[in-house]
Amino acid sequence: MPELPEVETIVRCLRRHLLGFQVETVRLLFPPIVRNRKKSDLQRFKGQRVTGLRRRGKLVLLDFSGGLTMIVHLKMTGQLLVSPKSLPPDKHVHLAITFRAKEEELRFRDVRKFGFVLGVPTSGVNRTPEVRDLGPEPLALDLPSFLDRLEGRRGRLKSLLLNQRVIAGVGNIYADEILFESGLNPRAEVSRLSRRRLETLWSAVPKVLNEAIAFKGTTVRDYRDGEGLEGLFQNRLKVYGRQGEPCPRCGTRIKRIRVSGRSTHFCPGCQRR
DNA sequence: GCCACTGTTAGCAT
DNA sequence: CATGCTAACAGTGG
């Protein structure tokens with residue numbers, strides 16, 4: 001679920017709550033969510049202070065003193081929650097970190113268990129495959145670099161937006177919204193798009209993502225920020241989940257189709273190609 | 001109860 | 001190498 005705007009919102013929220021606190025205990029309740037060979041690697045974080053929170057694509061990076069970083073991917077249903085220690089965790093909480101002189105603990109909760117946590121040296125973050133294989137950040141991507149990335153690519157336009165090696169952070173919801181904003185068809189063949197259309201696409205990407213960040217992300221079902229709060233952008237979605245409703249631009253009924261295995265929402269009126 | 005569906009992506013097939 | 005499908009898991013809704 002969490003795509004770039006949701007992860008960005010979580011990171012900003014956790015920053016306010018966790019920065020400077022020193023880890024007291026690390027409780028691993030469901031070891032398979034840890035991607036390190038040795039699950040005990042996470043115990044190295046004990047005694048370290050939180051020095052920073054960052055986002056890369058859809059990954060959350062928690063930096064600690066002692067040169068350690070915790071990489072978290074929330075996949076479909078993962079959550080990072082700051083919860084009172086007095087509130088008993090439910091069965092979907094797989095990791096809990098307590099801090100000195102803090103009544104709340106940080107919990108990694110994930111109903112579907114697709115998400116993961118990985119402890120690495122901060123100096124090696126960019127060399128870990130999860131980070132290394134990501135494309136550029138869409139909010140800091142100039143037009144020439146964008147066009148370079150698409151050079152020689154083929155396939156459906158939507159698959160391209162979803163490909164994290166091309167651009168990092170766009171998922172199913174925002175891919176649909178970006179394509180609507182651009183007036184481009186999700187099934188368009190990438191290699192046949194004019195330069196002008198690619199330019200339109202390029203400008204729509206940060207436009208949609210920044211607006212979604214301003215509204216603290218989209219809650220369809222599971223997404224919550226670090227405080228357990230829902231996003232507000234779901235009310236402002238133009239096409240995602242709005243099949244059967246009139247297009248806000250031209251009034252045509254929004255359709256829902258399947259593109260490379262993903263449910264896809266678009267307006268047949270203003271996204272003809 | 002059964003079946004289809006879900007916001008991601010690794011791993012395999014083509 | 002690039003691109004396309006599917007399964008991994010759990011829950012929900014028809």
Side-chain angles (χ1 to χ4, degrees), chain A residues 1-10 29-35 55-60 71-80 89-94 108-118 128-135 148-180 186-193 208-209 212-213 215-225 230-244 256-266:
Chain A
M1 151 218 335
E3 306 179 28
L4 186 151
E6 289 75 33
V7 177
E8 182 64 30
T9 304
I10 290 169
L29 307 167
F30 184 70
I33 61 125
V34 175
R35 221 168 241 206
R55 178 192 58 74
R56 177 76 175 92
K58 302 176 192 176
L59 294 171
V60 178
I71 301 177
V72 181
H73 198 310
L74 302 166
K75 291 284 184 97
M76 302 273 272
T77 53
Q79 300 172 334
L80 282 171
D90 69 14
K91 63 173 180 173
H92 303 301
V93 173
H94 309 312
F108 174 71
R109 180 174 185 273
D110 187 5
V111 170
R112 290 178 76 174
K113 296 176 176 162
F114 291 171
F116 65 83
V117 175
L118 175 66
T128 64
E130 288 81 356
V131 176
R132 194 225 309 144
D133 296 341
L134 291 176
D148 273 356
R149 309 247 0 127
L150 308 195
E151 187 73 40
R153 299 244 171 213
R154 306 173 30 163
R156 308 293 196 183
L157 181 53
K158 176 158 176 179
S159 325
L160 183 91
L161 284 178
L162 293 176
N163 186 341
Q164 301 300 300
R165 306 175 74 115
V166 176
I167 298 180
V170 177
N172 203 41
I173 294 176
Y174 297 111
D176 283 1
E177 294 297 314
I178 288 165
L179 290 171
F180 175 76
R187 282 183 166 147
E189 166 58 47
V190 175
S191 55
R192 291 197 207 134
L193 284 172
V208 169
L209 296 178
I213 292 171
F215 283 87
K216 299 182 181 299
T218 300
T219 298
V220 171
R221 171 179 256 154
D222 300 292
Y223 168 69
R224 299 291 185 279
D225 75 2
E230 298 186 357
L232 300 167
F233 198 69
Q234 55 276 16
N235 316 309
R236 314 191 78 87
L237 295 171
K238 306 247 177 72
V239 287
Y240 184 86
R242 298 211 183 273
Q243 59 274 18
R256 178 171 150 178
I257 59 174
R258 199 151 283 271
V259 179
S260 33
R262 312 297 306 278
S263 88
T264 297
H265 314 72
F266 78 112

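Below, each value reflects all heavy atoms present in this structure, side chains not excepted, and no hydrogens, waters or symmetry copies. In what follows, every chain begins at residue 1, and chains take the letters A, B, ... in the order their sequences are listed.
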Within the 4.5 Å heavy-atom criterion, are A:L179 and A:T264 side-chain neighbours or not? no

So, do A:L74 and A:K58 sit near enough that their side-chain heavy atoms are less than 4.5 Å apart?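 The answer is no, as the side chains (C-beta and beyond) never meet within the 4.5 Å cut-off.
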
Base, sugar-phosphate, or nothing: which does [X] touch, judged by heavy atoms less than 4.0 Å apart?
{"X": "A:T77", "answer": "nothing"}
{"X": "A:R165", "answer": "nothing"}
{"X": "A:V111", "answer": "sugar-phosphate"}
{"X": "A:Q164", "answer": "sugar-phosphate"}
{"X": "A:Y223", "answer": "base"}

Can you figure out which of B:dT8, C:dG11, B:dC5 approaches the side chain of A:F114 most closely? B:dT8

Of A:D176, A:I257, A:N172, the residue whose pairing with A:R262 passes side-chain contact (heavy atoms from CB on, under 4.5 Å): A:N172

Short side-chain N/O contact from [X] to OP1 or OP2 of [N], under 4.0 Å:
{"X": "A:H73", "N": "B:dT9", "result": "yes"}
{"X": "A:R256", "N": "B:dT6", "result": "yes"}
{"X": "A:K113", "N": "C:dA8", "result": "no"}
{"X": "A:R153", "N": "C:dT3", "result": "yes"}
{"X": "A:S260", "N": "C:dT3", "result": "no"}

Quick check for you: to the nearest 0.5 Å, what is the distance between A:K158 atom NZ and A:S260 atom OG? 7.5 Å

When rounded to the nearest 0.5 angstrom, what is the spacing between CG in A:L161 and OH in A:Y174? 14.0 Å

Please state how far atom [atom1] in [X] lies from atom [atom2] in [N], giving the value in whole angstrom units.
{"X": "A:L162", "N": "C:dC5", "atom1": "CG", "atom2": "P", "result": "13 Å"}
{"X": "A:L161", "N": "B:dT9", "atom1": "CG", "atom2": "C1'", "result": "16 Å"}
{"X": "A:D110", "N": "B:dT6", "atom1": "CG", "atom2": "C1'", "result": "13 Å"}
{"X": "A:R221", "N": "C:dG13", "atom1": "CZ", "atom2": "C1'", "result": "8 Å"}
{"X": "A:E130", "N": "B:dT8", "atom1": "CD", "atom2": "C1'", "result": "14 Å"}
{"X": "A:R262", "N": "C:dC5", "atom1": "CZ", "atom2": "C1'", "result": "12 Å"}

For nucleotides B:dA10 and C:dG11, find the distance between their P atoms and express it as a whole number of Å.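 Nearest-Å result for B:dA10 against C:dG11 at atom P: 24 Å.
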
By nearest heavy atom, map A:G261 and A:R35 onto DNA chain B; which one lands nearer the 5' end?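 Checking each residue's closest nucleotide, the 5'-ward one belongs to A:G261.
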
A:K75 or A:H92, whichever maps to the more 5' nucleotide of DNA chain C: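 The answer here is A:K75.
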
Where is the tightest heavy-atom contact between A:Q79 and A:R224, given as atom of each residue plus distance? NE2-CG, 3.7 Å

Does the B:dT6 base have a donor-acceptor partner in the side chain of A:R112 within less than 3.5 Å?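 Such a pair is found, so the answer is yes.
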
